[in-house]
Visitor: 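Take a look at this one; I'll ask things after.
Side chains are part of it too, since the values below use all heavy atoms of this structure and drop only hydrogens, waters and symmetry mates. Note that the coordinates shown come from a computational prediction; the quantities given were computed from them, not determined experimentally.
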Amino acid sequence: MDRIDLRVIACVILLNVFGLIMIYSASAYSCSTLAKYNYDSLYLLKKQGIFVLAGIVVMLLLQYFNYNYLQKLAPIIFLVSVGSLFLLRTGLAVRSHGAARWIRLGPVQLQVAELVKIAMVIMIAAFVAKHANQVQRFKNMAVYLWIFFTIIPAGMVMFISNNLSSALIILGIGFMLSFVFTNQEKLHGIIAGIGLIGIFVGRKLLAKNLPTQKQLNASSSSFRMGRFYAWIDPERYAGDQGFQPLQGKYAVASGGLFGKGLGNSVQKLDKIPEAQNDMIFSIVCEELGLVGAVVLLAMFLFLIYHLVRIAVNSENLFGKVLVMGIAFHISLQVLINVGVVLTIIPNTGASLPFISYGGSAVLFTLAEMGIVLSVNRYHMRRSLQRKRAELEKEEEQ
């Protein structure tokens, strides 16, 4: 096994072990005091542990799968994943906090948006690889990538499952892939410029017309808009939408340099609801301090660095785009999650890869790592075959 493979596998396993430790630390108290968890402090840890073990097995098996088959299957995978969103309008849907984002398949709940993310990356990789000889002169390449394989699935995720975070991540992955693998710099510059100006102007306009908490609660769009209003002025909505962001900031600030010690978080007891989910980074900061947070982010940087190395060294364009898409997925999700905890961006509900509680999320992310290992494995095999062929030619001469 190649050294890069071993480093990726070791880093992924370490991140998951770290995640299991933090999930237990963040959830043990609430699990031991609530009937829905059978008063079992290990309840969520055991559930997550099962998915992590299953995901690691899937990852290790997928490295032996020839990833090139995904190029032929890409349209089917993409259509099935996007079509599965409509299952959220059936009896299979599982609702939580006013949104249907999961489907129940027997004893397992799957978050459909996670399937859409990887399917969209596979589809873009297949499309770029198929039109590899046209990338430099096919002026509509970026438009196709952006509209058909990015905006449409992102819009469906947003409006069918009310999942803003996944929609933003899909848009981000599509934008970054089209920026790297097409030659439409001006188009991407215009899109980025419009987006940044829109955010700046929108924030200014919202800040001038902030409703009272009572007015916001009476509005039909209170849930979605409330997060944006709370991002602008969390103290104004401290009793409702601004409560979680404020408590998360308090947790981060109270951790200091070295933290209060593992398991000693105060905010997780009753201030941050379901702290093991999207706000788990705030618990990391509170318990392990700035040092623990930096170590965690360094592990993500280490992983992403090796993913980029694998992408650059891939034997073909399909593998390059595929691995870069997965690297962008993890990078964006980490940036959005940390940005939410630090109140740099509005609360979107994005989980922290490998760390936050969520069975289907960790399962799909580990499957992505298996695809990455497959790309590297087949690249190394081809490299060895070429070296052997060169040596045989030299011996014949």
Side-chain angles (χ1 to χ4, degrees), residues 97 99 101 113-114 117 150-151 154-155 157-158 161-176 179 188 191-211 216 221-238 240-253 255 267 272-275 277-286 290 293-294 296-297 300-301 304 327-356 358 361:
H97 298 90
R101 299 180 181 179
E114 297 300 325
K117 290 174 190 175
T150 304
I151 292 179
V157 166
M158 178 63 196
S161 66
N162 196 25
N163 192 337
L164 177 60
S165 61
S166 292
L168 289 175
I169 290 167
I170 290 171
L171 289 174
I173 295 170
F175 178 84
M176 295 172 81
F179 176 77
H188 291 92
I191 293 173
I194 292 173
L196 291 173
I197 293 171
I199 292 171
F200 178 78
V201 173
R203 193 181 192 282
K204 289 289 185 182
L205 291 175
L206 288 175
K208 289 182 179 179
N209 299 283
L210 291 176
L216 184 58
S221 60
S222 61
F223 173 76
R224 190 174 297 171
M225 289 303 300
R227 290 185 168 185
F228 287 94
Y229 291 134
W231 168 54
I232 295 170
D233 189 355
E235 287 82 5
R236 184 183 181 92
Y237 308 99
D240 201 331
Q241 290 89 345
F243 181 79
Q244 189 182 54
L246 280 174
Q247 298 304 321
K249 284 182 70 174
Y250 297 155
V252 172
Q267 299 299 106
I272 301 178
E274 299 182 357
N277 293 335
D278 308 335
M279 299 297 289
I280 196 166
F281 185 71
S282 64
I283 306 303
V284 173
C285 294
E286 185 181 5
L290 179 62
V294 169
L296 175 59
L297 295 177
F300 277 116
L301 284 174
I304 292 164
F328 287 147
H329 172 206
I330 294 174
S331 302
L332 283 169
Q333 198 138 336
V334 171
L335 287 172
I336 291 175
N337 180 273
V338 174
V340 166
V341 171
L342 300 179
T343 64
I344 297 172
I345 60 176
N347 190 347
T348 60
S351 61
L352 189 59
F354 307 117
I355 309 299
S356 294

Visitor: Taking side-chain contact (heavy atoms from CB on, under 4.5 Å) as the test, write out the residues that go with Phe300, two or more places apart.
Guide: Leu15, Leu296, Ile330, Val334, Leu352, Pro353, Phe354, Ile355
Visitor: How close do Leu164 and Met158 get, counting heavy atoms only, and between which atoms?
Guide: CA-SD, 3.6 Å
Visitor: To check you understand the geometry: which heavy-atom pair defines the closest contact between Glu114 and Ala361, and what is its length?
Guide: CG-CA, 4.0 Å
Visitor: Would you say Gln267's side chain and Ile272's backbone share a donor-acceptor pair under 3.5 angstrom?
Guide: no
Visitor: Report the distance from atom OG1 of Thr150 to atom CD1 of Ile170, rounding to the nearest 0.5 Å.
Guide: 8.5 Å
Visitor: Roughly how far, to the nearest 0.5 Å, is CD1 of Ile169 from OG of Ser331?
Guide: 11.0 Å
Visitor: Does Asn337 reach the main-chain N or O of Ala350 with its side chain, forming a donor-acceptor pair under 3.5 Å?
Guide: yes
Visitor: Can you name the side-chain contact (heavy atoms from CB on, under 4.5 Å) partners of Ala327, sequence neighbours left out?
Guide: Leu307
Visitor: Suppose we screen for side chain to side chain donor-acceptor pair (under 3.5 Å). Which residues come up paired with Ser351, at least two apart in sequence or across chains?
Guide: Gln333
Visitor: How many angstroms lie between OG in Ser356 and CD in Glu274, if you round to the nearest 0.5 Å?
Guide: 11.5 Å
Visitor: Using a 4.5 Å cut-off on heavy atoms from C-beta on, say whether the side chain of Val252 contacts that of Ser282.
Guide: yes
Visitor: Could you give the distance from CZ (Phe175) to CD1 (Ile151), rounded to the nearest 0.5 Å?
Guide: 11.5 Å
Visitor: Between Val157 and Ala113, what is the shortest heavy-atom contact and its length?
Guide: CG1-CB, 4.2 Å
Visitor: By side chain to side chain donor-acceptor pair (under 3.5 Å), which residues pair with Asn347, not counting sequence neighbours?
Guide: Gln244
Visitor: Under the side-chain contact (heavy atoms from CB on, under 4.5 Å) test, which residues partner Ile232, sequence neighbours left out?
Guide: Arg203, Leu206, Ala207, Leu210
Visitor: Do Leu297 and Val338 have side chains that get closer than 4.5 Å, going by heavy atoms?
Guide: yes
Visitor: My understanding is that only residues two or more places apart in sequence, or in another chain, count here; which of them pass side-chain contact (heavy atoms from CB on, under 4.5 Å) with Thr343?
Guide: Pro245, Lys249
Visitor: CG/Leu332 to OG/Ser165 distance, rounded to the nearest 0.5 angstrom?
Guide: 12.0 Å
